[in-house]
Structure formats: C-alpha cells, structure tokens
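Residue numbers count from 1 along this sequence. Everything numeric in this text was worked out from a predicted model, so none of it was measured. Numbering of ligands and ligand atoms starts at 1, following listing order.
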Amino acid sequence: MHSRTRPAGLLGTLLLLGALLLAAGTPPAAAKAPPGPVAGPGTNHATDDPFTSDRTSWWRQDRFGMFIHFGAYSNLEGEYTRPDGTVCRNAEWIKRECRIPDDAYEKQAATFNPADFDAQAIVKAAKDAGQRYIVITSKHHDGYAMWPTKQNSWNLRDHSSFDPHRDILAELKKASDAAGIKLGFYYSIWDWHDPDFADPATFPRYKKRMYGQLKELVQNYDPALLWFDGEWDADNPTNAWSRRDGADLQAYLHDLNPDLIVNNRVGKREVADGDFGTPEQEIPAEPVDGQLWESCMTLNDHWGFAKYDTHWKSPATVVRNLLDVVSRGGNYLLNVGPDKRGRIPRPSVDRLRETGRWLGSHGQGDAVHGAGHTGLVADPAWGAVSRRGNDLYASVTSWPEAGRPLHLTAKSPFTITSAQVAGSSQKVRVTPAGDGFDLTPSGAATGPLASVIRLAIRPPAAAPAGTGKGLTAQSWANDSFTGPPAVTGVDATVNKSYRFDGSPDPKIPADHFSTRWTGSIEPRFDETYTLSTVSDDTVRVWLDGKPVIDSSTPHGPKVDKGTVTLKAGHRHSLRIDYTEVTGEAHMKLLWSSPSQSQQIVPQRQLYAR
Ligand code: FHN
C-alpha cells in the first residue's frame with residue numbers, strides 16, 4: 001500500500017512556504033476574483049428556452065439516467081468502528097455523521113483502491129437498464145476529488161492506493177462516448193476538507209480552487225452536464241455560498257461551454273437557477289411550473305454504498321416511478337453506489353436489468369424515451385399516460401378485471417383512432433364515456449411490471465404557426481414606468497435572466513428599472529391556456545384588457561400563473577408590466593395547454609401590436 005500525497009521535496013517545500021507567506025500576506029478579501037465573463041447592464045443571461053432548445057434536447061428525450069455516488073466514503077462501505085469499539089453507520093455522510101477525525105478519515109482514504117472499477121461494465125449496466133445518461137460524483141461533501149485535480153492533493157490520484165496511471169473519470173468518459181451515453185458530473189459546493197471553506201474571510205480562496213476544479217472537469221472531460229449539490233446554508237463547516245455566487249458560476253460555466261446543462265443547485269434551488277429542478281427521493285404530483293425537472297432517487301436507502309442496506313426497490317416500483325415521472329414531464333435519475341472496489345452491487349444491477357428488459361420489450365420504451373407530459377388527459381389512478389408525437393401511452397399498473405374499463409378523462413376534445421396493447425394481439429374497445437373515454441381490454445395484462453396500451457390519436461385542430469416577430473418592449477431607468485421610456489424596441493420573447501448585473505439595455509442600470517411589453521399573443525389551439533411568469537421583483541399581466549396575473553409585491557424568483565381561454569389563430573391583446581427594484585432580476589413568460597407543452601411563448605406567436 002502506498003499512499004501518495006504530492007511529493008514535497010525541498011523545492012516543493014520552498015514553493016509551498018513561499019505560497020503560504022504570499023497568501024498570508026494577501027488579505028483574503030483581495031484574493032483575485034474567480035475568472036469569468038464581463039457582463040453588466042444590457043446583459044441577458046437567458047440564451048435559450050430549456051423547454052425547447054437544441055442544447056437540452058438530448059436531456060429531454062433521454063428521460064432516464066444513472067446516478068453514481070462513489071468516493072472515499074465508499075471505502076468504508078457504510079460502517080465505521082470508532083476507537084472505543086462502537087460502530088457507526090452512514091454512507092456518503094459517514095465522516096460527518098460518525099464524527100470521524102480528519103486524520104482518521106485521511107488515513108482510511110489512503111487505502112482506497114477501486115481496482116475493479118470497470119467503466120465499460122458500468123456503462124453497459126446503464127445501457128441495459130435503458131438509462132441514457134450517467135451522472136457520477138466527481139467530488140462529494142468530503143472534498144475528495146475523483147480525478148487527478150491540480151488544485152490540491154486530496155484526490156484519487158494523490159491520496160489513495162489506486163493505480164496512479166488510471167483516471168476513472170476519463171475511463172467513464174471514454175466508455176460513455178463509445179456507447180452513446182451522455183456523461184455528467186456531480187460536484188458538491190459544500191466542502192468539508194478544504195481549509196479555506198469554513199471561514200467567510202478565506203472563502204474566496206476556496207472559490208478560486210473550485211473554479212479551477214470545474215475548469216479542469218469541463219476542459220479535460222467535456223461533460224454534457226454538471227449536477228451541483230451542497231449549495232444550502234449549513235454549518236460545520238459554514239457554507240457561505242450565495243445566490244450571487246450561483247449567478248457568477250453559471251455565467252462562468254456558460255463561458256466555458258455554452259452547451260453545458262446545469263441543475264438548479266448551482267444557485268439556491270430556485271426556479272430561476274440553472275436549467276432544471278431537482279426534487280429528491282420524491283416525485284412531484286403534477287408537472288412542475290416554470291422549469292424542467294428531474295427526480296433523483298436511491299435504489300435502496302443510501303446514495304453511497306452501505307453493505308448492510310438490502311432495502312432494494314422492486315423493479316415494479318422502479319418502472320412505476322419512471323412512468324409517473326415521465327408522464328409529468330420529468331426525468332428520473334436513479335442511483336447506484338459502487339462498493340470500495342468500484343463494483344456496482346449485484347442487486348442494483350439485477351433491478352436495473354429488469355427495468356431495461358421491460359423498456360426493451362414490445363416497444364414499451366416508447367412510453368419513456370422521447371415521451372413526456374400530455375395535458376390532453378388527466379393523470380389516471382390506474383397508471384400513467386405519456387405522449388410521444390400523436391401517440392398516447394397508457395401505462396397500466398392496475399389492470400382491470402375482465403370486461404371492466406379503464407377510464408381516461410379528456411381535457412380537450414381529441415379522437416382515438418386505434419388502441420393496441422404492446423406485446424398482445426388482444427382487442428381494446430374504445431368508447432366515448434362521460435368526460436372522456438373508456439378503454440376496455442379483452443385480455444390479461446402483459447406482465448407484472450406494467451402493461452402499455454398505445455393509443456393513436458387525432459389531436460385537436462391547430463391553427464397554422466404564427467408569423468409574429470415579438471412584443472413591443474419599453475424600458476424605463478426607474479421602477480415605476482415614470483416619464484418617457486429610455487429604450488423602446490421589439491423583444492422576440494419574454495425570456496430574461498438579468499440576474500444581479502444585467503438589464504434590458506446598457507443605458508438601463510441593473511437595479512430600479514421597469515419594462516412594459518405590449519402587443520398580442522396568438523394561440524394555435526382553442527383551449528384553456530395557463531400563462532406562467534417567472535419573475536423577480538414584480539409582474540402584472542393583462543390579456544384582452546383583463547388582469548390575469550398580479551404579483552406586484554416585490555419578491556425573489558417566483559412562479560405566478562393565470563388561466564385564460566384562448567381562440568386558435570386569434571390575436572389576443574397582451575400587456576406585461578415588470579419591475580426590478582434591487583438585487584437579482586428575472587422575467588419569463590411561458591404558456592401551456594392540453595395540446596401545448598410548457599414552453600417560453602415563442603416569437604412566432606407574439607406580435608408587436
Ligand atoms: O447531501 C447530499 C446527499 O449525500 C446526496 O448526494 C444527495 C443526492 O442528490 N444530495 C444531497 C442531499 O440533498
């Protein structure tokens with residue numbers, strides 16, 4: 001066993017000494033700010049609509065990912081025997097929850113040797129499960145980096161018994177690319193090990209190292225996604241991460257790679273942070289407003305490996321969860337925790353393989369991959385309904401008794417032109433019934449996990465796509481629309497993330513400004529639409545002269561909604577009054593309807609008058 005911390009040597013010691021003297025002499029506050037783009041008034045950090053952009057398309061199509069919690073904590077396999085002989089159990093929080101002294105934790109990490117980490121086997125397990133992206137912990141709260149970072153020697157290359165010529169993130173990247181699987185990295189902002197993290201006075205020095213690590217990850221491994229965590233207010237150690245830190249980091253990362261997808265824990269898990277929300281160990285009861293979302297979950301009760309935890313979810317639970325998530329417009333990130341040798345536990349592999357077999361049978365995967373929420377029907381008690389093009393997938397987890405119907409409540413008139421049970425030739429009788437349809441199968445369920453009835457539909461009529469160029473936008477350099485507007489123009493969409501430094505125009509300061517959008521909005525369906533705003537600080541919306549949203553008390557990033565009945569192809573007059581008082585600023589206008597999935601209202605449906 002040879003545990004390597006970076007060899008000091010005389011030169012190393014002198015350099016280190018010099019660095020320490022320099023650092024000691026440099027007041028922390030003067031520590032050079034992390035690198036990043038120069039923004040300022042006139043900057044809008046929202047560069048696309050995550051609901052529809054090419055940048056997020058793979059993520060919205062893939063739907064199902066593998067989470068991997070793997071780090072120095074895995075070496076303890078969920079159990080720590082204290083010097084007094086008492087045994088303490090935890091997984092990735094074991095250092096803190098079992099109060100392991102730093103030296104003892106570092107000593108055990110020095111024996112960490114995941115020699116059996118097999119990237120190809122892991123990628124195969126994901127692929128066989130139908131998981132189309134992978135997110136692995138590059139650094140969890142214990143601060144231990146799973147790649148040869150140059151920012152410190154607390155990492156798998158410099159502080160372990162692992163082969164120093166290997167790089168598991170590079171191995172996973174190579175195997176993922178070869179298999180057509182996207183790779184993302186989890187990165188904890190909260191760092192229990194970095195000496196500069198705990199003290200707000202030295203926190204800038206930690207941030208500099210953090211930015212350095214993230215630059216290494218982005219430039220050396222080209223991840224498609226960064227999954228931040230540990231952003232919350234915490235103590236032991238105090239977490240000084242702020243919303244502004246989140247805004248700065250998003251701008252920095254966008255500068256490094258504009259295609260990167262980032263979760264909402266880059267900031268403070270607000271609706272305006274990152275590209276998607278991250279409900280954890282839970283599934284939202286209905287589609288989430290204002291932001292994409294992904295539910296992350298363990299397969300047993302621990303994220304990191306815990307040798308005693310055999311409380312595994314059944315394949316039926318995994319499939320049901322996956323279908324519920326997708327039918328509500330979300331992604332499902334299901335976790336595995338490799339053991340200290342780097343092997344995924346067999347019970348995890350077995351359950352994932354069962355799930356993959358279900359997805360790969362009879363085209364059932366079409367209910368998940370490339371599918372999503374439909375507002376055309378209500379969420380049924382007997383299962384879940386997802387939409388993929390003009391097919392609805394009724395995934396039944398409670399198959400009816402012989403001759404009994406499954407009722408489907410329609411929320412807009414449409415026609416079912418055919419109904420076919422995946423993997424069965426049985427007939428399904430479709431009869432209009434009450435507020436929708438009765439689907440009456442003529443045979444048995446096709447298996448224990450879920451049976452899928454594919455419904456080909458003729459959807460509600462759509463008016464032709466609009467020819468709009470956007471709304472008239474007037475902005476004032478005050479937050480009360482006082483005097484003549486300082487700037488007048490046309491905004492293609494209302495999709496603004498000014499954050500802390502930006503504003504509608506270089507002539508408008510980052511605080512105390514207001515914008516009024518006027519013109520008309522043209523729907524494509526005769527339906528009841530939900531108009532949603534994501535705003536900070538205030539917003540009011542009128543449609544056809546009537547108030548729809550009034551959120552005029554200054555607030556942080558917030559979703560407000562109003563329902564309106566719109567006529568396909570008709571131009572409904574629209575006015576939005578938005579103000580930014582101080583701090584960060586956001587303003588987005590989205591819509592959804594039974595036939596329209598949630599999106600930023602597109603330019604072609606907005607008109608200047
Ligand atoms: O504290 C972490 C936890 O260890 C785990 O990584 C989960 C997974 O998302 N996130 C945090 C708890 O919210």
_Pairing residues for His586 by the side-chain hydrogen bond (donor to acceptor under 3.5 Å, both in side chains) criterion, not counting sequence neighbours_ = Ser497, Glu584
*What are the atoms of ligand 1, with element, lying closer than 4.0 Å to any heavy atom of Tyr186?*
6 (O)
*Looking at Phe197, Trp303, Tyr105, Trp93, which one forms a ring pair (Phe, Tyr, Trp, His ring centres under 6.0 Å) with His141?*
Trp93
*So which protein heavy atom does atom 10 (N) of ligand 1 come closest to, and at what separation?*
Asp229 OD2, 2.6 Å
*Heavy-atom contacts under 4.0 Å between Arg265 and ligand 1: side chain, backbone, both, or neither?*
side chain
*Anything under 30° is parallel, anything over 60° is perpendicular, the rest tilted; go ahead and classify Tyr186 against Trp227.*
parallel
*Just need the protein heavy atom nearest to atom 3 (C) of ligand 1, so name the residue and atom and give the distance.*
Glu92 OE2, 3.5 Å
*Is Trp358 reaching over with its side chain to a backbone N or O of Ala450, donor-acceptor style, under 3.5 angstrom?*
yes
*Side chain, backbone, both or neither: which part of Trp232 has a heavy atom under 4.0 Å from ligand 1?*
side chain
*Mode of Phe228 contact toward ligand 1 - side chain, backbone, both, neither (heavy atoms, under 4.0 Å)*: neither
*Under the 6.0 Å and 45° cation-pi test, does Arg89 pair with Tyr80?*
no
*Centres of the His193 and Tyr206 rings: under 6.0 Å?*
no
*Just which atoms of ligand 1 are under 4.0 Å from any heavy atom in Trp93?*
1 (O), 2 (C), 3 (C), 4 (O)
*Before signing off on this row, confirm whether His69 and ligand 1 have an N or O atom pair separated by under 3.5 Å.*
yes
*asked:* Check this for me - ligand 1, Glu280, N or O atoms closer than 3.5 angstrom, yes or no?
replied: yes
*asked:* Parallel, tilted or perpendicular: which one describes the rings of Trp58 and Tyr133, with boundaries at 30° and 60°?
replied: perpendicular
*Which of the atoms of ligand 1 are close to Trp227, meaning less than 4.0 Å from one of its heavy atoms?*
9 (O)
